Protein chains: 2
Amino acid sequence: MALDNRKKEVLQAIVDDYVANCEPVGSKALIDRHDFMVSSATLRNDMAELEQMGYLEKPHTSAGRIPSDKGYREYVDSLMKVDKLSDEEGKEIKEKLSVSFDEIASLLKAASSALADQTGYISLAMTPKLTSSYLTQLKMLMIEPGKVLVVVVLSAGVVKNRMVRIPDFLTQEQIAQIGNAVERGLSGLPLSEISLITVATAAKDNQKVELPDSLLNQVLYEAYTAIKQADNLDVYMQGKHRMLSLPEFSDTKRAQGLFDTLSHDGLVAGYVDEVTKQDEKKEYMIRIGQEITLEGLDECSFITTTYNVGGKVAGNIGVIGPKRMEYSKVISQINFVRMMLDEKLKQP
Amino acid sequence: MALDNRKKEVLQAIVDDYVANCEPVGSKALIDRHDFMVSSATLRNDMAELEQMGYLEKPHTSAGRIPSDKGYREYVDSLMKVDKLSDEEGKEIKEKLSVSFDEIASLLKAASSALADQTGYISLAMTPKLTSSYLTQLKMLMIEPGKVLVVVVLSAGVVKNRMVRIPDFLTQEQIAQIGNAVERGLSGLPLSEISLITVATAAKDNQKVELPDSLLNQVLYEAYTAIKQADNLDVYMQGKHRMLSLPEFSDTKRAQGLFDTLSHDGLVAGYVDEVTKQDEKKEYMIRIGQEITLEGLDECSFITTTYNVGGKVAGNIGVIGPKRMEYSKVISQINFVRMMLDEKLKQP
DNA sequence: TTTAGCACTCGGGAAGATAGAGTGCTAAAC
DNA sequence: GTTTAGCACTCTATCTTCCCGAGTGCTAAA
């Protein structure tokens with residue numbers, strides 16, 4: 001059975017009211033707050049049917065209804081209208097993102113913080129996915145004898161560095177040359193194709209320094225781990241503790257379950273990755289309540305979208321909030337931030 | 001009036017019991033759990049006096065007693081005995097700290113995570129204080145035309161870098177030379193004495209590159225901000241959400257107040273700094289409940305100590321837990337971690 | 001100074017009563 | 001067939017009352 005027009009309106013009104021007040025919505029309250037041209041009894045009938053179809057639930061017999069996961073799903077899929085961001089809000093976000101960004105990391109931090117402030121929920125920003133990036137530069141900089149800073153630059157504007165130890169009689173020149181050799185051999189190569197072996201051959205093909213193999217290998221190993229480490233997704237997450245003020249997390253156990261999961265950056269990043277693949281064609285992905293396979297997030301909804309670097313699919317930004325979130329507002333906010341990122345990262 | 005021996009024992013026993021159970025301690029429970037050779041009536045008298053002296057409080061008339069801030073203070077100052085860490089625990093910590101650390105940052109992260117795991121409370125590790133550090137190196141590395149990575153190395157082993165923009169017709173050689181010139185002029189100088197002017201004179205005295213002043217100044221300005229930015233204390237904090245499982249934070253409002261304050265790294269760092277100065281001569285500093293002037297921490301206790309780099313006073317590590325914390329255990333844990341840090345950072 | 005004894009206090013949990021919001025159903029009206 | 005008024009019913013949340021028991025403070029005796 002399909003939803004007739006009035007049922008759609010009823011469902012929409014219930015979601016709206018519940019989002020606003022976090023209290024089960026009854027037929028009378030619905031009449032009071034909305035301009036339905038029918039009586040409460042009629043709404044009661046509709047609500048009963050909506051419940052039977054699985055869009056609504058009752059916390060207990062004599063309470064109002066609350067949306068089920070399916071109800072929220074219907075709401076975001078076909079009922080809500082995503083309105084444009086207000087001009088002021090757009091301006092606010094723009095301001096927050098107008099940091100002079102010279103590394104993508106600082107821009108993402110700003111984006112995450114803007115999203116958290118603006119939505120009032122938990123925000124998320126992830127560095128570009130490694131699968132889409134390749135090595136552009138590798139610099140080795142001697143800080144003091146025996147200590148070298150390896151700077152790895154990836155195509156998407158990601159810069160990572162790592163301090164490593166090497167035998168302390170190697171000179172700055174030797175080190176720099178090895179770095180250059182590796183860079184020459186590997187730049188342009190996707191990270192997935194870089195292995196200890198490719199690093200070694202690159203170095204040996206390109207370098208002129210005379211060094212015993214064992215010594216050279218030691219340095220190359222460090223270079224290799226530095227490159228591999230640049231692989232790691234960085235996750236910027238903000239606004240976690242704001243969830244404590246929501247009624248759905250007034251139970252500390254539940255809040256703790258949420259925080260426990262969120263403290264594992266890797267888990268969250270992995271989930272985002274997986275889900276983004278599933279919803280590849282969509283502009284944004286939304287997961288509601290039990291649809292989220294992460295532990296402790298079954299009272300939450302999760303919205304992410306993908307930003308581009310140099311016009312190509314890159315990393316993700318997102319928001320985690322209660323199921324009872326202001327979907328249309330959050331979506332327009334997240335969209336706006338994404339557009340700003342795309343704009344700022346246009347030239348590769 | 002001074003505390004006679006039995007009163008001391010009573011206070012100590014009450015603190016111990018309350019720490020263990022988070023329940024007000026009555027005279028009878030005290031008798032049951034400890035070997036006092038007197039009757040409960042006698043203890044009642046003692047407890048009444050201890051209350052009058054301000055060491056104990058009653059949540060309400062007919063409950064047991066709980067320690068007041070003053071009571072805890074007396075406890076940590078003269079009653080508890082700090083016992084040595086068990087061998088296993090020492091081993092565990094040692095293992096967690098046996099990361100190959102090449103930057104002080106990663107060692108501090110490991111220290112903070114070990115402390116959080118081991119104590120079960122919130123841990124804190126801060127990079128060395130800037131007042132005690134001076135510039136040792138400044139490298140400028142061209143990543144691509146117009147983009148330069150400025151690497152700042154400080155005496156205490158702190159390495160920071162920052163990407164900056166410069167006019168894009170400058171060459172790697174020019175940039176590197178300017179960096180070298182500034183390094184030559186400023187290395188060994190305390191950060192506090194470095195200003196835009198000293199940077200400029202250093203560069204002009206030492207460099208040979210011919211560049212128009214306005215251009216040079218632009219680069220120098222970026223170098224200067226990079227140095228100044230290295231100034232910032234980094235704070236590593238872990239284990240926050242563990243507090244949610246403590247009964248004293250079952251009220252989400254309270255937890256939120258705590259988290260709100262803790263999310264401002266600067267606030268906490270500033271407080272630690274201030275308090276460390278006050279307790280300069282002591283091995284560790286302890287602040288209990290209301291003694292802590294940070295908002296939201298009045299149900300907490302705060303213990304910090306100072307680690308050394310190259311034998312000189314450097315940064316702080318610490319633990320924030322409930323007032324009802326296992327002081328002696330935490331102190332021995334924190335001390336152990338500090339000793340490990342000192343050991344690892346012995347050679348400058 | 002210590003102790004036994006006892007009356008008193010107070011919080012917290014159990015039990016019961018009540019109000020009110022909301023429901024589902026029936027039968028009449030449109 | 002759909003809508004509506006009316007009504008009995010259900011269930012929670014709240015308030016009151018009551019009582020238990022842990023704990024106290026005081027007194028008087030050891």
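To find a chain, count down the sequence lines: A is the first, B the second, and so on, and within it residues start at 1. Remember, predicted model here, so these are calculated numbers, not experimental data.
- Between the side chains of His34(A) and Asp17(A), at least one donor-acceptor pair of N or O atoms lies under 3.5 Å.
- Rounded to whole Å, the distance from CZ on Phe36(B) to C1' on dT2(C) is 15 Å.
- In this structure, Lys58(A) places its NZ atom 10 Å from P of dC11(D), rounding to the nearest Å.
- Tyr55(A) carries Lys70(A) over the face of its six-membered ring, with the cationic atom under 6.0 Å from the centre and within 45° of the normal.
- Asp46(A) places its CG atom 15 Å from the C1' atom of dT23(C), with the value rounded to the nearest Å.
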For this session: Would you sort out whether Met47(A) and Leu30(A) count as a side-chain contact (heavy atoms from CB on, under 4.5 Å), showing the intermediate values?
Result: CA-CA 11 Å; Met47(A) 286 160 79; Leu30(A) 217 47; 4.2 Å; yes
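- Across the protein-nucleic acid pair, Glu23(A) atom CD and dA13(D) atom P stand 11 Å apart, rounded to whole Å.
- Regarding Leu43(B), its CG atom lies at a distance of 10 Å from the P atom of dT24(D), rounded to whole Å.
- Counting only N and O atoms by type, the side chains of Ser123(A) and Ser112(A) include a donor and acceptor under 3.5 Å apart.
- Applying the salt bridge (charged side-chain N to carboxylate O under 4.0 Å, His left out) criterion to Glu274(B), with sequence neighbours excluded, gives no partner residue.
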For this session: Do nucleotides 3-13 of chain C as a string where each nucleotide becomes B, S or -: B if the base has a protein heavy atom under 4.0 Å, S if just the sugar-phosphate does, - if no protein is that close.
Result: BBB---BBS--
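- Take Lys329(B) and apply the side chain to side chain contact (heavy atoms under 4.5 Å, CB included) test, not counting sequence neighbours, and it matches Glu89(B), Glu326(B), Gln333(B).
- Put simply, CG on Leu56(A) is 14 Å from C1' on dT23(C), counting in whole angstrom units.
- Using the six-membered ring where Trp is involved, Phe259(A) and Phe259(B) have ring planes that are perpendicular, over 60° apart on the 30 and 60° scheme.
- Neither OP1 nor OP2 of dA21(C) sits under 4.0 Å from any side-chain N or O of Arg65(A).
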Exercise. If you write DNA chain D from 5' to 3' in dot-bracket form, with Watson-Crick or G-U pairs under 3.5 Å, [ ] for crossing pairs and | for pairs with another strand, what do you get?
Worked result: ||||||||||||||||||||||||||||||
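- One interatomic measurement links the two molecules: CE of Met47(B) to P of dG23(D), which rounds to 9 Å at whole-angstrom precision.
- Taking the side chain to side chain contact (heavy atoms under 4.5 Å, CB included) definition, one finds that Glu283(A) meets it with Asn335(A), Arg338(A), sequence neighbours left out.
- Contacts classified as side chain to side chain donor-acceptor pair (under 3.5 Å) and involving residues 284-297 of chain B (residues at least two apart or in different chains) are given here: Arg73(B)-Glu291(B), Gln278(B)-Arg287(B), Asp279(B)-Arg287(B).
- Between the CD1 atom of Ile66(B) and the C1' atom of dT24(D) there is a distance of 16 Å, rounded to whole Å.
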